[in-house]
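Here is the structure we will look at.
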Amino acid sequence: MSFDRIRRALEKASDTRSLIIESGALGQVGTVFKEAFGDKKAVVVADTITFEVAGRAVQARLAEREAAPPVIFPGQPVLYAEFENVLELENRLKELDAIPVAVGSGTINDLTKLASHRLRRPYMVVATAASMDGYAAFGAAITSNGFKQTMACPAPRAILADLEVLSAAPDHMNARGYGDLLGKITAGADWLLADALEVEALEPFSWSLVQDSLREWTGQPAKLRAGESQAISNLFEGLVMSGLAMQSIKSSRPASGTEHHFSHLWEMEALGYGKTEYPHGYKVGIGTIAATAFYRQLLARDLTRLDIDNLCESWPSRQEVEQQVRNAHDIPRVVENAVAESLAKYITADQLRQRLTLLVERWPELREKLAAQLLTPEEVQELLRQAGCPARPSEIGVDLRRLHQSYFKARQIRSRYTVLELAYETGQLEECAAELFAPEGFWQKNS
């Protein structure tokens, strides 16, 4: 673990001031709390499962500061990060002059993060699994009226992770985190692409926080699955560094790209159709395979020979783009979201000409950078398998027909520039996607 990197990351972070990742860290809860919040009182927030895993120990170590008994949500059936639960927690905390201490992973952290923000309070989190990158991230992923969205709110002021607790978490929890972290490979490629085409400049510090050690953090999936402490420490460090990178530039760009667009689309559709919702990290893992497979098809093309005049002449108007989006989706909330996001990134034919001219000039060098950044889809599948993650779309309820459509739909639900946007602008999207589903294509062999 790089303590110097953690120190520098905390110096740049907008919200988080303290991060402890080590064995026996639960014994430092009281000290970390005092350093972060002074003489404030505390209240533990957990569910019935995480309270037994670590919450009871946290409560004992904060006994002298306890403002009220812990707020404990039911752990079974599964607790969801729904806005109704945020309001319930907010009401429970409203009458207390106390700092919430979330003990859990994704759901508990997000509920506490947003409820604390609505009460204008900082909070602390004690992690119970290396399952996602949201511990240190700004914003909370909350479902409201059947639609999941990221609601703006600060990250925790202090984060504590006891490696003994993380190592005891169920295998599938850390596997989810691995899928989320592996997705930073394609997120990085998309940022290189956006930077080269002057859409969104690469910020060196936040880039290095995520990318410098990414291969190391994701390089031992079998050891992670076996519960080895160092592999779990690496995973948690990578996830938290991703969150701190997002804090440093107040954007999810360092940690989210095409792979997350697939995941968000499938999440929206599951909610809209009332189908089984699979864990976020699993969907990101499959999205990473989908993105690397698509990148391979596009990188095989010589984009220095584009017919720019023809592409600009056939470029759709804003009204035509809106109609394309409305024709592609059939869930009302998704439609309106996709229309807004697609129009937010719309460029004119003249702007397209400028971008494509730049692409033709920079493609040879850019293609080399992208190839160096990426893994093959086969390599991604194997890493996911070794970590205990789903490695085929059918394992998360996505059949080939739906997957094929996703290459077109996923581009529309976020305004972020990714490889799918480049393919659309260069007229390569349909052809590249078709090749992936051809009889000898990647997905026919690996679905």
Side-chain angles (χ1 to χ4, degrees), residues 1-13 15-37 42 44 46 50-63 65 99 101-106 108-109 112 122-137 155-171 173-178 180-181 209-210 212-214 216-221 223-245 247:
M1 185 180 301
S2 173
F3 294 101
D4 181 61
R5 176 168 48 209
I6 291 174
R7 177 187 59 78
R8 290 185 292 113
L10 291 175
E11 288 174 353
K12 292 275 190 176
D15 306 315
T16 304
R17 295 289 173 264
S18 177
L19 170 62
I20 305 294
I21 310 171
E22 58 187 61
S23 292
L26 283 183
Q28 301 182 52
V29 166
T31 301
V32 172
F33 185 92
K34 180 176 177 57
E35 290 176 351
F37 308 106
V44 171
T50 62
F51 185 73
E52 294 304 324
V53 168
R56 193 180 299 280
V58 171
Q59 181 192 18
R61 287 168 173 79
L62 293 174
R65 296 177 173 274
I99 299 297
V101 179
V103 181
S105 55
I108 288 294
N109 184 51
T112 309
Y123 82 106
M124 174 178 174
V125 63
V126 177
T128 56
S131 56
M132 47 86 210
D133 65 7
Y135 285 114
R157 183 175 293 179
I159 302 171
L160 185 145
D162 190 321
L163 291 176
E164 294 173 19
V165 173
L166 300 185
S167 297
D171 292 346
M173 296 293 286
N174 293 331
R176 296 173 190 180
Y178 184 84
D180 202 1
L181 187 59
L209 284 185
V210 177
D212 283 359
S213 296
L214 185 56
E216 176 187 351
W217 291 330
T218 57
Q220 297 181 316
K223 290 184 177 181
L224 175 69
R225 190 175 189 180
E228 292 193 15
S229 179
Q230 186 57 56
I232 292 173
S233 176
N234 286 345
L235 173 62
F236 193 83
E237 181 183 356
L239 292 168
V240 173
M241 287 299 106
S242 298
L244 293 174
Q247 276 191 54

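Excluded from the calculations below are hydrogen atoms, water molecules and symmetry mates; all remaining heavy atoms, backbone and side chain alike, are included.
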Please report the interatomic distance [atom1]([X]) to [atom2]([Y]), rounded to the nearest 0.5 Å.
X: Ile6; Y: Leu209; atom1: CD1; atom2: CG; value: 10.5 Å
X: Ser131; Y: Leu181; atom1: OG; atom2: CG; value: 12.0 Å
X: Arg56; Y: Arg61; atom1: CZ; atom2: CZ; value: 13.0 Å
X: Tyr178; Y: Asp171; atom1: OH; atom2: CG; value: 14.5 Å
X: Glu237; Y: Gln230; atom1: CD; atom2: CD; value: 9.0 Å
X: Met241; Y: Asp212; atom1: CE; atom2: CG; value: 12.0 Å

Just by modelled atom types, is the [Y] backbone N or O under 3.5 Å from a matching donor or acceptor in the [X] side chain?
X: Ser105; Y: Thr128; result: no
X: Asn109; Y: Val125; result: no
X: Asp180; Y: Met132; result: no
X: Thr50; Y: Val103; result: yes
X: Thr218; Y: Leu214; result: yes
X: Gln247; Y: Ala155; result: no

query: When you check the gap from the basic side-chain N to the acidic O, do Arg8 and Asp4 get nearer than 4.0 Å?
result: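 A salt bridge links Arg8 with Asp4.
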
Under 3.5 Å, side-chain donor or acceptor atoms of residues 23-37 against the rest of the protein: list the pairs with distances, not counting sequence neighbours.
residue	atom	partner	partner atom	Å
Gln28	NE2	Glu22	OE2	2.6
Lys34	NZ	Asp39	OD1	3.4

List the atom of [X], the atom of [Y], and the distance in Å for their closest heavy-atom pair.
X: Tyr123; Y: Tyr135; answer: OH-O, 4.4 Å
X: Ser213; Y: Arg5; answer: OG-NH1, 2.6 Å
X: Trp217; Y: Asn234; answer: CD1-O, 3.2 Å
X: Ser233; Y: Ile21; answer: OG-CG2, 4.5 Å
X: Ala130; Y: Asn174; answer: N-OD1, 3.0 Å
X: Ala13; Y: Leu244; answer: CB-CD2, 3.9 Å

message: Could you go through Ile20 and Ile159, starting from their C-alpha distance and side-chain angles, then the distance that decides it, and tell me whether this counts as side-chain contact (heavy atoms from CB on, under 4.5 Å)?
response: CA-CA 6 Å; Ile20 305 294; Ile159 302 171; over 6 Å; no

